[in-house]
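Below you'll find the structure, written out as structure tokens, and then a few comments.
Counting convention: from 1, in listed order, for ligands and their atoms alike.
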Amino acid sequence: MSEPSIDDLYHRIGEAKLRQVVAAFYRQVPSNPVLGPMYPPDDLAAAEERLYGFLAQRFGGPTTYSEQRGHPRLRMRHAPFAVDVTARDHWIATMGAAIDEAELPVIDSETMKHFLFSVAHQMQNR
Ligand code: HEM
């Protein structure tokens with residue numbers, strides 16, 4: 001048995017579920033005391049679309065993200081933001097709640113969390 005892969009996660013859960021996760025995350029951002037001030041208040045819908053596009057591509061779906069944004073280079077793109085331990089933990093808690101809300105099959109929610117939380121550690125830059 002091979003480990004569950006993120007490479008076909010998009011096709012396992014489908015576009016609607018992935019959009020639901022990302023929407024649930026961004027719905028919580030404005031009222032979060034740490035994340036709220038970091039994100040562009042009048043560009044949240046576009047930010048939501050960027051994260052959705054990146055994840056869809058990373059999980060084996062359409063490659064629209066790179067067609068529009070180029071190579072993800074996530075460390076570099078996060079450099080302007082002070083991602084310290086507190087911000088990282090708020091991001092992880094918020095995303096964890098968003099994933100739980102979507103009520104995915106446990107194997108898929110755990111696979112998604114494992115990937116996202118490990119990248120969150122890599123984004124810490126302060
Ligand atoms: C560790 C805590 C994190 C914080 C505080 C954080 C914060 C931010 C902020 C403030 C933005 C700018 C919003 C925008 O205008 O798009 C952003 C963009 C983005 N973040 Fe994060 N982020 C974190 C972790 C992650 C993780 C784990 C991923 C992916 C697995 C991720 C993927 C992205 C993507 C794809 C963008 C848009 C990049 C672009 O094309 O410009 N972030 N993040």
Element-labelled atoms of ligand 1 that are located less than 4.0 Å from some non-hydrogen atom of [X]:
X	answer
V83	1 (C), 2 (C), 5 (C)
Y65	38 (C), 39 (C), 40 (O)
A120	1 (C), 27 (C)
L51	32 (C), 33 (C)
L74	29 (C), 34 (C), 35 (C)

Does the N or O separation between [X] and ligand 1 drop below 3.5 Å for any pair?
X	value
R88	no
D43	no
H78	yes

Exercise. Please test R58 against I6 for side chain to side chain contact (heavy atoms under 4.5 Å, CB included), starting from the C-alpha separation and ending with a verdict.
Key: CA-CA 8 Å; R58 189 62 191 80; I6 60 166; 3.4 Å; yes
Quiz item: Of the listed options (R73, M76, R77, Q57), which comes nearest to atom 39 (C) of ligand 1 when hydrogens are ignored and any heavy atom counts?
Solution: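 Ranked by closest heavy atom to atom 39 (C) of ligand 1, first place is R77.
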Quiz prompt | Heavy-atom nearest option to atom 30 (C) of ligand 1, drawn from I92, V29, D89, L116 | solution =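 The option holding the nearest heavy atom is L116.
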Which protein non-hydrogen atom lies closest to [atom], naming both residue and atom, and how far is it?
atom	value
atom 7 (C) of ligand 1	Y39 OH, 3.1 Å
atom 28 (C) of ligand 1	W91 CZ2, 4.0 Å
atom 35 (C) of ligand 1	F54 CB, 3.5 Å
atom 41 (O) of ligand 1	R69 NH2, 2.6 Å

Quiz item: What do you reckon, is CZ of R73 surrounded by more than 12 foreign heavy atoms closer than 6.0 Å?
Solution: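 No, because the 6.0 Å sphere around CZ of R73 holds 12 heavy atoms or fewer from other groups.
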Exercise. Answer yes or no: is there a donor N or O on one side and an acceptor on the other, between the side chain of D108 and the main chain of I13, under 3.5 Å?
Key: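 Checking the backbone N and O of I13 against the side chain of D108, no donor-acceptor pair under 3.5 Å is found.
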Quiz prompt | Side-chain donor or acceptor of D8 paired with backbone N/O of H11 under 3.5 Å | solution =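 Not a single qualifying donor-acceptor pair exists.
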Quiz prompt | Distance-only polar pair, side chains of Q68 and T64, donor-acceptor under 3.5 Å | solution =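 There is no such pair (donor and acceptor under 3.5 Å, judged by atom type) between the side chains of Q68 and T64.
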Exercise. Please work out whether any backbone atom (N, CA, C, O) or any side-chain heavy atom from C-beta onward of P40 is under 4.0 Å from ligand 1, and answer side chain, backbone, both or neither.
Key: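 Within the 4.0 Å criterion, P40 contacts ligand 1 through side-chain atoms alone.
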Quiz item: Under 4.0 Å from ligand 1, counting heavy atoms only, is it the side chain of M38, its backbone, both or neither?
Solution: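 The part of M38 near ligand 1 is both the backbone and the side chain.
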Quiz item: Are the ring centres of Y65 and Y52 closer than 6.0 Å?
Solution: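 Centroid separation for Y65 and Y52: 6.0 Å or greater.
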Quiz item: Does F115 have its ring centroid less than 6.0 Å away from the ring centroid of F59?
Solution: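 Ring centroids of F115 and F59 are less than 6.0 Å from each other.
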Practice problem: Say whether F117 and ligand 1 are in contact under the criterion: heavy-atom distance to a ligand atom below 4.0 Å. | Solution: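 Distance cut 4.0 Å: F117 fails for ligand 1.
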Quiz item: If you measure from the Lys or Arg side-chain nitrogens to the Asp or Glu carboxylate oxygens, is any gap between R19 and E49 under 4.0 Å?
Solution: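 Counted as a salt bridge, because a side-chain N and a carboxylate O are separated by less than 4.0 Å.
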Quiz item: Below 4.0 angstrom, N of the basic side chain to O of the carboxylate: do D100 and K113 qualify?
Solution: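 Yes.
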Exercise. Please state whether the rings of W91 and F25 are parallel, tilted or perpendicular, taking 30° and 60° as the class boundaries.
Key: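 The arrangement is tilted - the two ring planes meet at 30° to 60°.
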Quiz item: Does the side chain of D84 come within less than 4.5 Å of R88's, by heavy atoms?
Solution: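 Of all side-chain heavy-atom pairs linking D84 with R88, none is under 4.5 Å.
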